[in-house]
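Structure record follows, encoded as structure tokens.
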2 protein chains.
Amino acid sequence: MTLRFALLASLSARPRTGYDLLQIFDSSVGFVWHAAHTQIYPELRRMEADGLLASVEVPRGPKAHKREYRITDLGLSALRQLASTPVEPSPEKDPYRLKAAYLEWADPEGARAQFELHLAHYARWLKQWQEMQQRIADGLDPVVNERLEARPAAEHRTIVAAKVFAYQGMSSRAEMEIEWAKQGLALLDTLAEPQP
Amino acid sequence: MTLRFALLASLSARPRTGYDLLQIFDSSVGFVWHAAHTQIYPELRRMEADGLLASVEVPRGPKAHKREYRITDLGLSALRQLASTPVEPSPEKDPYRLKAAYLEWADPEGARAQFELHLAHYARWLKQWQEMQQRIADGLDPVVNERLEARPAAEHRTIVAAKVFAYQGMSSRAEMEIEWAKQGLALLDTLAEPQP
DNA sequence: TGTCCCATGTAACTCGTTACATGATTGT
DNA sequence: ACAATCATGTAACGAGTTACATGGGACA
């Protein structure tokens, strides 16, 4: 259902091909919800079968085609419904904390490497998310700008605020993860010291 | 693989039945990695087939039985291997931030209800995780204590520190989520005000 | 005798990943 | 000519959820 929501939301700005959506899932939206082409293409066809999308074949060069999907009225109401229905957060499944809980079974180098990977990963993404947040706030993100053009001016404030708020949340998460990984490395140092 | 890790780790303290593990997955370990009985029972059988576990049938009453699993040497080395091998964090899939990014499609009450649910959920769990952390630090958690009894005293410091550190991470996550949800509610208030 | 709790299962389905494939177009 | 990019697909598998099912044991 979440992929569906992401696709409906992306297509609510303007019609796009599966490939266009793939690009978006490798950048903006994909910074929050990743999906592979092997999942996107079949899902688009299913959504069309369900009446949420409609598609046209667009020629490209003399022989090739691409298929462009637009959201239908049914799709729009599905999007509004998904967006408006609160969902109970699911039971936690946190692979990093789980692994950390059984740290005693790891050799020290393995444990250290894990925290360092964790740190590097979230440091890298923190940068991405912060840049994205800045870009949107400055009105420089092309995907968001396309959306603004398609929507009435009265909505612009909300649209920008929502996107900035989402990426801000991603950044907070990253900062928390970085802090935690640093504490993990510090913990390994203490555990390496001989006991008093 | 993560469920396997969780099961191996749980069984490294002492032999247990599927039902025992279920209890644990409804409390301690399950506060970090949730799993249902429909997933646990078949996985235990597969792990036995793979030689990671061995089981015996234990009578209970005159007619009924239960099956108790213990970790084998192969299982122990699999556990050590899983614990020691660093894993690259996966691409982000964050349903909360995704939904927030398209807040403009939600009706205001729906959006508010979502943030309130989010807040209540993580407030509830923050309490659980903090209590668990305290209980372990104070040597009062029965599951951790069983583990300590089964392992040499030299490891005790590491075992307790790892568990406390994991639950500390869960708490940090919860605090971040609570803060974010509060900002979301505040954002909805600003958006409800008329523009200057 | 009824109601929990103990204890374990199957089957169908959804979601997501990985591997394998194909062919046209654009630019150097 | 070749490489990179555009564009889309299938198939097998693994992980996880939901629904459906069953039966014994303990205690009031």
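Treat the numbers as computed from the prediction; the structure is a model and nothing was measured. What's counted below: heavy atoms across the whole structure, side chains too, no hydrogens, waters or symmetry copies. Just so we're on the same page: letters track the sequence lines, and every chain starts at 1.
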Distance only, no hydrogens: is a donor on one side chain within 3.5 Å (strictly under) of an acceptor on the other, for [X] and [Y]?
X         : Y         : answer
Gln23(B)  : Ser27(B)  : no
Ser55(B)  : Arg45(B)  : no
Tyr122(B) : Glu179(B) : no

When the distance from [atom1] of [X] to [atom2] of [N] is rounded to whole Å, what number comes out?
X        : N       : atom1 : atom2 : result
Gln39(A) : dA7(D)  : CD    : P     : 21 Å
Lys63(B) : dG25(D) : NZ    : P     : 7 Å
Leu22(A) : dG9(D)  : CG    : P     : 11 Å
Tyr19(A) : dT5(D)  : OH    : P     : 8 Å
Tyr41(A) : dC15(C) : OH    : C1'   : 19 Å
Lys66(B) : dC6(C)  : NZ    : P     : 10 Å
Leu3(B)  : dG14(D) : CG    : P     : 14 Å
Gln23(B) : dC5(C)  : CD    : P     : 11 Å

(message) Centroid separation under 6.0 Å, is that true for the rings of Trp33(A) and Phe25(A)?
(response) no
(message) Quick check on DNA chain C: between Thr17(B) and Gly61(A), whose nearest nucleotide comes earlier from the 5' end?
(response) Thr17(B)
(message) Quick check: on DNA chain C, is the nucleotide nearest Glu43(A) upstream (toward 5') of the one nearest Ala64(A), or the reverse? Name the residue that is more 5'.
(response) Glu43(A)
(request) Spell out yes or no: do the side chain of His37(B) and the base of dG9(C) have one donor N/O and one acceptor N/O closer than 3.5 Å? (result) yes
(message) Is it the case that dT18(D) (base atoms only) and Thr38(B) (side chain only) share a donor and an acceptor within less than 3.5 Å, ignoring hydrogens and angles?
(response) yes
When you compare the side chain of [Y] with that of [X], does any pair of heavy atoms fall below 4.5 Å?
X         : Y         : answer
Leu44(A)  : Leu21(A)  : yes
Tyr102(B) : Arg147(A) : yes
Arg97(A)  : Trp180(A) : yes

(request) To the nearest 10°, let me know how far the axis at one end of the helix from dT1(C)-dA28(D) to dT28(C)-dA1(D) is tilted from the axis at the other, five pairs an end. (result) 10°
(message) For a quick test of reading the model: is some side-chain N or O of Arg45(B) closer than 4.0 Å to OP1 or OP2 of dT10(C)?
(response) yes
(message) Taking any heavy-atom pair under 4.0 Å as a contact, classify Arg67(A): base, sugar-phosphate, or nothing.
(response) sugar-phosphate
